[in-house]
Amino acid sequence: MQSLKKHLYNPWAIALSFLSLLAILFAVLWILIPPLPKTIEMATGFPTGLYYQFGERLKADLSKERVELQVKVTGGTLDNLALLSDSKSGVSFAMVQGGVADISKYPNLVSVAGMFYEPIWVWYREPAFKGDGGPLRVLSQLKGKRVSIGNEGSGTLVLSQTLLKLSGISESEIYAEKLKPDEAVKKLTSGQLDAVFLVAAAEAPILQQFFAIPGIRLMSLDQADAYARNLPYLSKVSVPRGLLSIEYDLPRLDIQVLAATATLVAHDSISPAMVSLILGASYDVLKSYSRLQKAGEFPSSTGLDFPLQIDAEIYLKDGPSLLHQHLPFWTAVWVGRLMKILIPLLVILIPIFSYLPAANNLLLRLKLARVYEELKVIDKNAHNLDLREKNFRDLEAIEKRVENIKVSRLDAKELYDLKGHVGDVRNRLNQLK
């Protein structure tokens, strides 16, 4: 018991306990705030599509910051959403086509930014529509035709089905085939298809496979404004003559098409530092994506299905944080991580520091109380002749300790009161002697 009291009153023991508690809190926060991963995986699409090409461009840019981006080939938007929502897939980011996702099924996903327009191209063989009122200009002209509406798991399939349904066309009224883009190209070339729906950015390599097909044309959607007003996630985009290929003069006239917004989507737990890194790299990549969108129009915070991640919103509005503006990426990451740990600690420590004077006063009182307890024992045993020598030795030890006690001016009265009481016990022992 006496040993316990010594430790209880010992300021060094208290200070050591306090420092140990701080170390434990720091360690816990360090674990709760995990470091930024150096390897991330992104779901894209077919190797011939712009999703994959965009991922490869990002990969090259991120490698400069010693972050490895693994670009995953998929069937398209629906596959990407399935992978992103599966915690075991390892996918951290995914490219998603606007207007495809049912966001109520993915409450934990957020948008990082819209990256580029993805027009809904309708390629058709001109001879197949000569007897149907001329060039293909309204979707009702597709009735009775052989049409590729996109492969399973792709955003093309979802949007083409939506447009056909809105146009009052059931799949039984057309000969619909769910083909991958390269399969659709082969069948359109051989004359086994009359039209092909394809959602892809103007820069997508897959579009080049259509250019040399004999008798190929691009549909200009006369009702684009009406569709856009019924489907707010789609925009009407004007495509000048020859934009896709000057060599093949495609399109052969100025046309208007509908376009979705290709969006980079992530988990809502995404690190702010990763948001800053991805968006910074995206600005560099998208400088060359200027056929349909204006320079600087993307990355964008508009036309998104999923809610915009808060750090992405700040970045798109105000640019990178001060840390990332003035420090190398990984230095900024570690400084930011330390700040996330130190700020909670300061929230804990500042109130503690405000109580330090009171704590110091309490420690002094505990120290003096220990001396008073020993004085009480000596005073109680003062009449015991057998303990007389021991009482004097203990009192001398107490006097030496009291002389070594250092106090502030405000606490001087307590120390001198103690010295007076020690002197009283000394006088009492001398009188009895």
Side-chain angles (χ1 to χ4, degrees), residues 75-78 81 96-105 117-181 183-185 187-188 191-201 207 210 213 215-239 251-262 292 303-305:
T77 291
L78 296 182
L81 287 170
V96 173
Q97 185 178 297
V100 174
D102 180 356
I103 61 175
S104 64
K105 295 181 180 179
Y117 283 131
E118 286 190 291
I120 304 169
W121 308 104
V122 182
W123 298 88
Y124 67 97
R125 291 191 307 109
E126 190 173 17
F129 292 87
K130 280 190 174 179
D132 297 291
L136 179 60
R137 305 189 71 85
V138 292
L139 292 180
S140 60
Q141 292 174 258
L142 292 174
K143 289 182 179 180
K145 304 298 182 182
R146 298 165 297 174
V147 184
S148 172
I149 58 175
N151 61 284
E152 293 287 356
S154 69
T156 297
L157 178 60
V158 176
L159 284 183
S160 62
Q161 289 176 328
T162 300
L163 292 177
L164 290 172
K165 182 178 179 181
L166 190 59
S167 305
I169 305 172
S170 65
E171 290 186 26
S172 62
E173 293 180 283
I174 61 174
Y175 298 100
E177 295 191 48
K178 298 177 181 179
L179 302 175
K180 294 180 180 179
E183 296 171 340
V185 169
K187 285 199 170 187
L188 190 64
Q192 298 178 62
L193 286 175
D194 299 314
V196 172
F197 280 87
L198 179 65
V199 179
L207 295 183
F210 288 87
I213 300 176
I216 197 71
R217 294 289 298 270
L218 268 171
M219 177 186 185
S220 180
L221 190 60
D222 283 355
Q223 298 170 310
D225 282 306
Y227 283 104
R229 294 195 182 190
N230 280 275
L231 304 171
Y233 50 83
L234 297 179
S235 305
K236 186 184 84 168
V237 177
S238 297
V239 183
R252 296 178 187 174
L253 298 169
D254 292 354
I255 65 172
Q256 55 187 21
V257 297
L258 292 170
T261 299
L292 292 180
L304 310 178
D305 293 334

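This is a predicted model, so every value here is computed, not measured.
Within the 4.5 Å cutoff, side-chain heavy atoms of Leu139 are placed close to those of Ile169. The shortest side-chain heavy-atom distance between Gln223 and Val138 falls under the 4.5 Å cut-off. Leu166 is listed as a side-chain neighbour of Asn230, based on a closest heavy-atom distance under 4.5 Å.
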Between Val96 and Leu81, does the side-chain contact (heavy atoms from CB on, under 4.5 Å) criterion hold? Intermediate values first, please. CA-CA 7 Å; Val96 173; Leu81 287 170; 3.7 Å; yes

Set out, in order, the CA-CA distance, both residues' side-chain angles and the distance that settles side-chain contact (heavy atoms from CB on, under 4.5 Å) for Val199 and Ile120, then state yes or no.
CA-CA 4 Å; Val199 179; Ile120 304 169; 4.0 Å; yes

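With sequence neighbours left out, the side-chain hydrogen bond (donor to acceptor under 3.5 Å, both in side chains) criterion links Tyr233 to no other residue. Glu173 pairs by the salt bridge (Lys or Arg N to Asp or Glu O under 4.0 Å) definition with Lys143, not counting sequence neighbours. Contacts of Lys178 classified as salt bridge (Lys or Arg N to Asp or Glu O under 4.0 Å), with partners at least two apart in sequence or in another chain: Glu152. With sequence neighbours excluded, the residues that form a salt bridge (Lys or Arg N to Asp or Glu O under 4.0 Å) with Asp225 are Lys236. With sequence neighbours excluded, the residues forming a side-chain hydrogen bond (donor to acceptor under 3.5 Å, both in side chains) with Arg137 are Asp222, listed by chain and number. Considering only residues two or more places apart in sequence or on other chains, Gln161 meets the side-chain hydrogen bond (donor to acceptor under 3.5 Å, both in side chains) condition with Glu171. Ala201 pairs by the side chain to side chain contact (heavy atoms under 4.5 Å, CB included) definition with Leu50, Phe116, Glu203, not counting sequence neighbours. With sequence neighbours excluded, the residues satisfying side chain to side chain contact (heavy atoms under 4.5 Å, CB included) with Thr261 are Tyr117, Thr263, Phe298. When the side chain to side chain contact (heavy atoms under 4.5 Å, CB included) test is applied to Val158, the partners found at least two apart in sequence or on another chain are Leu78, Val100, Thr162. In this structure Phe197 satisfies the ring pair (Phe, Tyr, Trp, His ring centres under 6.0 Å) test with no other residue, sequence neighbours excluded. Considering only residues two or more places apart in sequence or on other chains, Lys187 meets the salt bridge (Lys or Arg N to Asp or Glu O under 4.0 Å) condition with Glu177. When the side-chain hydrogen bond (donor to acceptor under 3.5 Å, both in side chains) test is applied to Ser167, the partners found at least two apart in sequence or on another chain are Tyr227.
Counting only N and O atoms by type, the side chains of Ser154 and Thr156 include no donor and acceptor under 3.5 Å apart.
Formation of a donor-acceptor pair under 3.5 Å by the Gln97 side chain with backbone atoms of Gly155 is found in this model. Side chain of Asp305 to backbone of Gly99: a donor-acceptor contact under 3.5 angstrom is found. A side-chain donor-acceptor contact under 3.5 Å links Gln256 to the backbone of Leu221. Proximity of a side-chain donor or acceptor of Arg217 to a complementary backbone N or O of Arg125 within less than 3.5 Å is not detected.
The distance from atom CG of Leu188 to atom CD of Glu183, rounded to the nearest 0.5 Å, is 13.5 Å. Atom CG of Leu142 is separated from atom CG of Leu164 by 7.0 Å, given to the nearest 0.5 angstrom. One distance of note links OG of Ser148 with CG of Leu157; it measures 9.0 Å at 0.5 Å rounding. Ser220 contributes atom OG, which lies 5.5 Å from atom CD1 of Ile255 (distance to the nearest 0.5 angstrom). A distance of 9.5 Å separates CG in Leu198 from CH2 in Trp121, rounded to the nearest 0.5 Å. One distance of note links CG of Leu218 with CG of Leu253; it measures 10.5 Å at 0.5 Å rounding.
Classified by interplanar angle (parallel below 30°, tilted 30° to 60°, perpendicular above 60°), the ring pair Trp123/Phe210 is parallel.
In this structure, Asn151 and Gly75 approach most closely via the heavy-atom pair ND2-O, 3.3 Å.
For the pair Lys145 and Tyr175, the cation-pi test (distance below 6.0 Å, angle within 45°) is failed.
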